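Following: one structure in structure tokens, then a few remarks.
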There are 2 protein chains.
Amino acid sequence: MSDLRKRQVTLDEVAERASVSRSVASRVLNNAPHVSKAKREAVQRAVTDLGYVPNASARALATQQVGAVVLAISSDNPLVFADPFFAEIVVGISSVLEETELELVLMMATSARGQTRLERLLRTRQTDGLMLMSMHDDDPLAQFAEQSGVPVVFGGRPVAFEPRYYVDADNRGGARLATEHLVATGRTRIATITGRMDESAGLARYKGYQEALAVAGLDTSRVVHADFSEDGGTRAMHELLATYPDLDAVFVASDQMAAGALRVLTDAGKTVPGEVALVGFNDVATARHTNPPLTTVSQPIQSLGREMARMLLALIAGDAPTPLILPTRLVRRAST
Amino acid sequence: MSDLRKRQVTLDEVAERASVSRSVASRVLNNAPHVSKAKREAVQRAVTDLGYVPNASARALATQQVGAVVLAISSDNPLVFADPFFAEIVVGISSVLEETELELVLMMATSARGQTRLERLLRTRQTDGLMLMSMHDDDPLAQFAEQSGVPVVFGGRPVAFEPRYYVDADNRGGARLATEHLVATGRTRIATITGRMDESAGLARYKGYQEALAVAGLDTSRVVHADFSEDGGTRAMHELLATYPDLDAVFVASDQMAAGALRVLTDAGKTVPGEVALVGFNDVATARHTNPPLTTVSQPIQSLGREMARMLLALIAGDAPTPLILPTRLVRRAST
DNA sequence: GGGAGAACTGGAAGCGCTCCCAAACGCGTG
DNA sequence: CACGCGTTTGGGAGCGCTTCCAGTTCTCCC
């Protein structure tokens, strides 16, 4: 039951010990000017002697700044966050926040309750900034956040409008890369399994696919829409096979879906990449372990998180950063 | 540049509009007793009319409660959090915190800076509670947290001491299950690739392996220690093969390592499960996509998060919950 | 109808910090 | 030596909320 409870050390005690006024002590702590060298040192000594640490709530109350930013995932599916993608985003964000005094609070605005909470947070500016990853189209939160007056940077772009500040991966470019690769290896009847069409990533990847085929003068009609999930990929591949039995390649908008599709192909007796070539997207761990390993498009997820955090810091500091689109690149493996 | 800035609505304004004193208004908000029905309703009306939301900092300052709990990952490796494992933990935690007014703040105590920060947080009790996942043996933070007087629940157990409150998966039981399964399928020269021996999970899984073989009267000497990573698994499997060429099964303490080991076996021309059977641990997505898919031990990761959060809430409420060990179970796939 | 006790009310004192502002101080100059 | 200017200093008023406490109003019963 040992317990370091002890009452908190306050600024007043520090001031007293250094025999200065509270104001002076405060100025030293925020290293503001107008303090003589002697007193500055006296205060610093008192601080270390007493082990003083400022009380965040009090400071927040006085300055009207919270000392925390939030990362919010807005989605209708409570499980999206279980995607390793977010874990990496968080690592990126943390790595830059670590250099500051800001805390990272996590909100999953996945239920109505969560949405309300986030909304309230913005309305009452109980956060210094927001990083928002909005995972579906008609998300009212996205608009609301953009206009709340709180610094907001988007991770990925909502489809409904173009936010002022965002960082996104070059989904369209990546998809084009992948599809061009398929074309370059001699495929001509190239299908696609898309992600959700109410997410900008899904849309952009679909566009990239279309562009690449248009340039090559190939048919873009072999399309089935799915939802990024493995099961979705499975279903879509069945449908594709039934509708376009002649296809010789598939660009799949996520590795999870590709894993599902791959199983369907194998079960159907198609050889990969012999009869059908397959490209995924994201380059998650799974992509390396399928049989054959997946050729896929890799995006710099940690950088994405890092840049979001940097952009937010800039915003908070009063700058006006420009949106950022991070490059994606093709990772060749054995499925093509 | 639209901006909902507006000054914040304060309790005083609510009180005035409801023509009561601030005290009464405050009592209504915290639904404390000693308020007449009429005034209670008047206040509530004023609150909704004005769209009042209490200021968290002010409340925190007055009550000495922060309204936030932190999840900290203490490790010497900044990348551990990229493990999907944590993403799921977070989902579990969020799902129960969502029912409360508490926020979840995330800290990666991975650098010295992060450690200090966490320490300071505890020392000055700027959090209402802590969930700590300590990922290595000699972590001074674990001890410090345990004695800080702040409610702390551990996720997994440190090896150095038994904390008062923790929730852990039954690693030993799971390992025993896995090994017994190998025995039951007729294997007799069963090796193991362990995790880190300075993590309790690694240790417990090793113990489970030993127990099962001891009961079966089999040899427990075919052991190589590794570090949970895929590369580690690769190296370990090479060593195992060189040292004990006669082995007919391997219990591998993580799926990542198992994936690495599997590749080595296949490359060495060993058939799986024909010549060598393989069992992993964790049941991550990868396990389903290897070739053959991995038999593995599944732990209820989201529940783990959920129970950690529940336990912490109980602790904060002043209860004394009992530690929890969650069951693990064997998932049979084609690698055995 | 009077009185005791319970229920309600609002004033005021904080919680620990920031920051404005008036007062005090030091110093160079005429 | 007095004066003026630029620095440094500390008093004090908040930031918005909770909570103690003393005073007031209601109830209910004899």
Side-chain angles (χ1 to χ4, degrees), chain A residues 5-44 46-47 50-68 101 120-121 123-128, chain B residues 5-44 46-47 50-68 101 120-121 123-128:
Chain A
R5 196 163 297 269
K6 303 200 185 73
R7 230 181 44 62
Q8 207 195 114
V9 180
T10 74
L11 227 205
D12 283 292
E13 302 175 45
V14 170
E16 183 175 359
R17 180 173 240 263
S19 29
V20 301
S21 73
R22 186 174 356 109
S23 318
V24 172
S26 173
R27 257 177 248 132
V28 173
L29 259 89
N30 302 297
N31 46 54
H34 304 311
V35 179
S36 66
K37 191 139 179 278
K39 302 227 165 189
R40 190 175 292 276
E41 279 163 5
V43 171
Q44 272 152 355
V47 164
L50 264 35
Y52 169 77
V53 180
N55 177 312
S57 309
R59 180 174 278 179
L61 181 58
T63 58
Q64 307 283 51
Q65 300 199 330
V66 189
E101 288 295 292
R120 197 176 52 184
L121 191 88
R123 199 149 47 77
T124 59
R125 26 178 49 62
Q126 316 246 10
T127 178
D128 292 334
Chain B
R5 196 162 298 268
K6 302 199 186 72
R7 228 182 45 65
Q8 206 195 114
V9 180
T10 74
L11 189 53
D12 282 295
E13 302 175 45
V14 171
E16 183 175 358
R17 179 174 240 263
S19 29
V20 301
S21 75
R22 192 182 6 176
S23 323
V24 172
S26 173
R27 259 177 247 132
V28 173
L29 259 91
N30 300 296
N31 46 52
H34 304 310
V35 178
S36 66
K37 191 140 179 277
K39 301 224 166 187
R40 188 173 294 274
E41 278 163 4
V43 170
Q44 270 152 357
V47 164
L50 264 35
Y52 168 76
V53 180
N55 177 311
S57 310
R59 180 174 278 181
L61 182 57
T63 59
Q64 306 283 51
Q65 301 199 329
V66 189
E101 289 296 292
R120 197 175 53 184
L121 192 87
R123 201 149 47 76
T124 59
R125 23 177 52 60
Q126 315 243 14
T127 177
D128 293 333

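Lettering follows sequence order; numbering is per chain, from 1. Owing to the predicted nature of the structure, the values given are computational and were not obtained by experimental measurement.
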Could you give the [atom1]-to-[atom2] distance, from [X] to [N], as a whole number of Å?
X       : N      : atom1 : atom2 : result
A:Leu11 : D:dG11 : CG    : C1'   : 15 Å
B:His34 : D:dT24 : NE2   : P     : 19 Å
B:Leu29 : D:dG16 : CG    : P     : 15 Å

Presence of [X] side-chain N/O under 4.0 Å of [N] phosphate oxygens OP1/OP2:
X       : N      : value
B:Ser57 : D:dC15 : no
A:Gln64 : C:dC17 : no
B:Lys39 : C:dT9  : yes

(message) With each end axis built from five pairs of C1' atoms, what bend angle do you get for the helix from C:dG1-D:dC30 to C:dG30-D:dC1? Round to 10°.
(response)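 The value is 50°.
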(message) For the backbone of B:Val66 and the side chain of B:Asp128, can you confirm whether one donor and one acceptor N or O come within less than 3.5 Å of each other?
(response)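 Checked: pair present.
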(request) Report the nucleotide, chosen from C:dG10, D:dG10, D:dC17, that has the shortest atom-to-atom distance to any side-chain atom of A:Val20. (result)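 From the listed options, D:dG10 comes nearest.
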Polar atoms only, N or O, under 3.5 Å: list the protein pairs with nucleotides 24-26 of chain C and their distances.
none

(message) Pick the closest DNA chain C nucleotide for B:Lys37 and for B:Leu61 by heavy atoms, then say which residue is nearer the 5' end.
(response)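 The 5'-side residue here is B:Lys37.
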(message) Assess whether a salt bridge exists between B:Lys37 and B:Glu41, defined as any Lys/Arg side-chain N lying under 4.0 Å from an Asp/Glu carboxylate O.
(response)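 Looking at B:Lys37 and B:Glu41, the cut-off is met.
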If you restrict it to nitrogen or oxygen atoms, what contacts under 3.5 Å exist between nucleotides 19-21 of chain D and the protein, and what is each distance?
residue : atom : partner : partner atom : Å
D:dT19  : O4   : B:Ser23 : OG           : 3.4

